[in-house]
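Chain A is the first sequence line, chain B the second, and so forth, proteins listed ahead of strands; every chain is numbered from 1. Side chains included, hydrogens not; waters and symmetry mates left out as well; all remaining heavy atoms used.
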Amino acid sequence: MEKENIIGIENKLMLFNTLTHKKELFEPIHSPLVGMYVCGPTVYGDPHLGHARSGITFDIIFRYFQHLGYKVRYVRNITDVGHLENDAEEGEDKVAKKARLERLEPMEIAQYYTNRYHQFMDMLNVKRPSIEPQASGHIIEQIAMIEKILEAGFAYEKNGSIYFNVRKYNTEHHYGKLSGRVIEDLLSTTRSNLASQAEKESPVDFALWKKASSEHIMRWPSPWSEGFPGWHAECTAMSCKYLGHPFDIHGGGMDLLFPHHESEIAQAVAAYHGDPCKYWVHNNMITINGQKMGKSLGNFITLEELFSGQHAGLVQAYSPMTIRFFILQAHYRSTLDFSNEALLSAEKGLQRLMIARHTLTHIHSSSTSSVKTELEEIEKKGYEAMNDDFNTPITIASLFELVRLINLGSESKVSFTEEDKAKAEWIYAEFVDHILGLKDESISDGMTDKVDGLVQMLLDIRSQAKARKDFSTSDLIREELQELGIRVMDGKDGVSWQIN
RNA sequence: GGUCUCGUGGCCGAGCGGUUAGGCACCGGUCUGCAAAACCGUUUACAGCAGUUCGAAUCUGCUCGAGACCUCCA
């Protein structure tokens, strides 16, 4: 947080704005305050790799803004109502459907999966947002927003349901400005044979409020009918409630671009007379065998499966930090292809990065430095990469240059002063801990010291055996430890070990 | 069909006109009683064709291939 160390850089942060389709200089509307809203999960199923990607992407953005010294209000919603299976009238609410299938109260489902989401995001070291509003807790705000849209004349009522009049809106504004959709094309490609379409004046219209059918459990009173809000309503109502209007950044997965975010813009313009936000930021998808990992395709892997290895497609379990590192090794706007091979290499790479930090502490400091300039370059490159639309792969690449330097230092091929060592540790703290949020998973419980002592004792005995060329004893100790999952490594400067 | 994105070495993945990305794997070396690990070093690219340019993975056009959105999805 020491702002003075990065002054001058903070004003050069470029981020890609989906709305303008180019990288723009980031300038908060009310600096040093930053308001960011991100579409969170619909809580009717276990979190999967896709949730990890958007969670981590915006966690990095959140962390980096804070790092630059901004005061960030980060709002990420929980969708627990209004998200229908499809847009048809017979479309069932996702949460309600799950509740019916599991014979539970809908709110039990929502709470259960919200908890699960939190649990797994915590494991991934994703910081909790400043505010996490639930759609069901903001029905009043949504109704108020819908009323404003009605007053503005951009919505109409039909049998107790309220629909947004996209075509009328499009005569005065531009429906499609974010997604690049052209309304005429939409009219010709939207499925219009569904039952609900009959109620709409146009197939491109979307629901703001739906009258609940008799069997629909999740329902609230409104001026128009007992019913529930449309999917897009919550984000506009809640983002503007907590961040004002307009706010700085709206984020989410690329798959939400249309119709969700496009419709959010329309709602905000209609209700509050202006775009909801200044910058739109979208993370790309994770693919598996080149195909999007998605619910409808049934090819997604949950985080629980990933962390436990319990999935037919996984050759082993992968730790949360391996997943985090894997995701950060790709730029957030690129698709990222999932494979065991890629995950395995991420695991090894992360390990190397983390081990070097320990190696650093063992470097004998010298009075002269041969790495000072390089350390400065590494730090500079790291920041420049982050400032260039959060290019974490390059930031990580620069950290591996640091790894190389540290390893050379440990072999006395380059020389570190005390100051250099402090600088290197500083880079680790800044980039690895604070910005990238990578935790060292080898540091754990209170037993660590005792295990250290025990292993060290065995290794001392082994060293004595080796000294008198009693290799059968020394090998026995090595093998027994190996059995326990502790690997013994004879190096130039003595014996080291690690738990596999 | 419409809109859009992308094709980089064995794999993942940066790159946005001229410089080694990086990780993993491979290979060579160092270390070692042996082994493993670790470390150091190094090889293999820009889908194809044509064009612009002194110079193109990077710009333009065409061809081929892959994917996303248009219905719910991060």
Side-chain angles (χ1 to χ4, degrees), chain A residues 21 23 38-42 44-45 47-58 83-88 91-92 94 176 179-182 184-186 188-191 194 204 231 251-260 262 282-287 290-297 300 325-326 329-331 333-350 352-353 355-356 359 381 385 391-401 403-404 406-408 410-411 413 466 469-471 474-475 478-479 482 487-493 496-498 500:
Chain A
H21 229 72
K23 282 182 198 168
V38 174
C39 290
T42 301
Y44 69 108
H48 55 76
L49 247 193
H51 292 106
R53 188 163 202 196
S54 77
I56 289 168
T57 296
F58 293 102
H83 206 159
L84 301 186
E85 284 286 299
N86 56 53
D87 203 27
E92 203 169 355
K94 284 170 179 291
S179 60
R181 289 300 133 89
V182 179
E184 288 73 25
D185 294 340
L186 288 170
S188 64
T189 54
T190 305
R191 297 197 296 180
L194 299 172
V204 290
W231 175 34
M254 266 183 189
D255 49 352
L256 298 178
L257 231 150
F258 188 89
H260 187 54
E262 192 68 62
H282 291 94
N283 65 279
N284 214 318
M285 303 292 102
I286 285 188
T287 59
Q291 257 203 330
K292 179 181 162 182
M293 191 176 280
K295 297 237 162 70
S296 54
L297 295 161
F300 64 92
F325 186 71
F326 170 67
Q329 269 192 308
H331 189 263
R333 282 192 290 111
S334 302
T335 53
L336 172 59
D337 200 49
F338 163 90
S339 70
N340 278 288
E341 215 180 346
L343 245 28
L344 248 17
S345 66
E347 182 179 72
K348 293 206 70 170
L350 176 62
R352 200 157 88 89
L353 180 65
I355 287 172
T359 308
K381 187 178 163 188
N391 201 328
T392 52
I394 292 183
T395 300
I396 289 172
S398 79
L399 290 173
F400 275 106
E401 287 171 29
V403 169
R404 203 184 106 260
I406 289 170
N407 288 332
L408 285 171
S410 77
E411 296 186 351
K413 289 176 178 163
K466 279 175 69 178
K469 307 241 184 255
D470 179 4
F471 296 123
S474 68
D475 287 353
R478 185 171 68 194
E479 282 158 25
Q482 182 72 45
R487 190 163 54 208
V488 176
M489 296 164 286
D490 293 322
K492 190 162 60 176
D493 304 322
S496 60
W497 58 279
Q498 69 182 52
N500 289 327

Trainee: With both distances under 3.5 angstrom, what nucleotide forms a Watson-Crick or G-U wobble pair with B:rC6?
Mentor: B:rG65

Trainee: Is A:G252 touching bases, backbone alone, or none of the nucleic acid, heavy atoms closer than 4.0 Å?
Mentor: sugar-phosphate

Trainee: When all nucleic acid strands are considered with a 4.0 Å heavy-atom cut-off, which category describes A:L336: base, sugar-phosphate, or nothing?
Mentor: sugar-phosphate

Trainee: Need one value for A:G50: base, sugar-phosphate or nothing, where a base atom within 4.0 Å counts as base even if backbone is also close, heavy atoms only.
Mentor: base

Trainee: To the nearest 0.5 angstrom, please state how far the CZ atom of A:F338 sits from the CZ atom of A:R53.
Mentor: 14.0 Å

Trainee: Considering only the C1' atoms, how many Å lie between B:rG13 and B:rA57, rounded to the nearest integer?
Mentor: 14 Å

Trainee: Side-chain contact test, heavy atoms from C-beta onward, threshold under 4.5 Å: evaluate it for A:H282 versus A:L257 and give yes or no.
Mentor: yes

Trainee: Can you tell me how far C1' in B:rA47 sits from the matching atom in B:rG55, rounded to whole Å?
Mentor: 22 Å

Trainee: Report yes if the ring of A:F471 lies under 5.5 Å from the six-membered base ring of B:rG33 with planes under 30°, and no otherwise.
Mentor: yes

Trainee: Please give the distance between the P atoms of B:rC34 and B:rU30 as a whole number of Å.
Mentor: 13 Å

Trainee: If I pick the P atom on B:rA21 and the same atom on B:rU58, what distance separates them, to the nearest angstrom?
Mentor: 15 Å

Trainee: Find which nucleotide of RNA chain B each of A:G253 and A:E341 is nearest to by heavy atoms, and output the residue with the more 5' nucleotide.
Mentor: A:E341

Trainee: Below 3.5 Å, does any donor atom in the side chain of A:R181 face an acceptor in the base of B:rC69, or the other way round?
Mentor: yes

Trainee: Is any side-chain N or O of A:K292 closer than 4.0 Å to OP1 or OP2 of B:rG67?
Mentor: no

Trainee: For A:D475, which contact category applies under a 4.0 Å heavy-atom criterion: base, sugar-phosphate, or nothing?
Mentor: base

Trainee: Just how far is it from atom OG1 of A:T395 to atom CD of A:Q329, taken to the nearest 0.5 Å?
Mentor: 12.0 Å

Trainee: Nearest whole angstrom, please: distance from the P of B:rC6 to the CZ of A:R333.
Mentor: 9 Å

Trainee: Is A:N407 touching bases, backbone alone, or none of the nucleic acid, heavy atoms closer than 4.0 Å?
Mentor: sugar-phosphate

Trainee: Using purine N1 to pyrimidine N3 plus N6-O4 or O6-N4 for Watson-Crick, or N1-O2 and O6-N3 for G-U wobble, both under 3.5 Å, which nucleotide pairs with B:rA14?
Mentor: none

Trainee: Quick one: on RNA chain B, does A:S339 or A:G40 contact a more 5' nucleotide (nearest heavy atom)?
Mentor: A:S339

Trainee: Once hydrogens and angles are ignored, does a donor-acceptor distance under 3.5 Å link the base of B:rA35 to the side chain of A:R478?
Mentor: yes

Trainee: By the 4.0 Å heavy-atom rule, please label A:S398 as base, sugar-phosphate, or nothing.
Mentor: nothing

Trainee: Below 3.5 Å, does any donor atom in the side chain of A:N391 face an acceptor in the base of B:rG13, or the other way round?
Mentor: no

Trainee: Measure from the side-chain heavy atoms of A:H331 and tell me the nearest of B:rA14, B:rC72, B:rC24.
Mentor: B:rA14

Trainee: Please measure how far the C1' atom in B:rU20 lies from the corresponding atom in B:rA36, and state the result in whole Å.
Mentor: 31 Å

Trainee: Could you tell me which non-hydrogen atom of A:N284 sits nearest to which non-hydrogen atom of A:S334, and how far apart they are?
Mentor: CB-O, 3.2 Å

Trainee: Do you know the tightest heavy-atom contact between A:D337 and A:G290?
Mentor: OD1-N, 3.1 Å

Trainee: Using a heavy-atom cut-off of under 4.0 Å over every strand shown, decide if A:M285 touches base, sugar-phosphate, or nothing.
Mentor: base

Trainee: Please work out if A:K469 contacts a base, only the sugar-phosphate, or nothing of the nucleic acid, heavy-atom cut-off 4.0 Å.
Mentor: nothing

Trainee: Mind checking if A:S54 touches a base, just sugar-phosphate, or nothing, with heavy atoms under 4.0 Å?
Mentor: sugar-phosphate

Trainee: With a non-hydrogen cut-off below 4.0 angstrom, is A:L408 in contact with a base, only sugar-phosphate, or nothing?
Mentor: sugar-phosphate

Trainee: Is A:T335 touching bases, backbone alone, or none of the nucleic acid, heavy atoms closer than 4.0 Å?
Mentor: sugar-phosphate

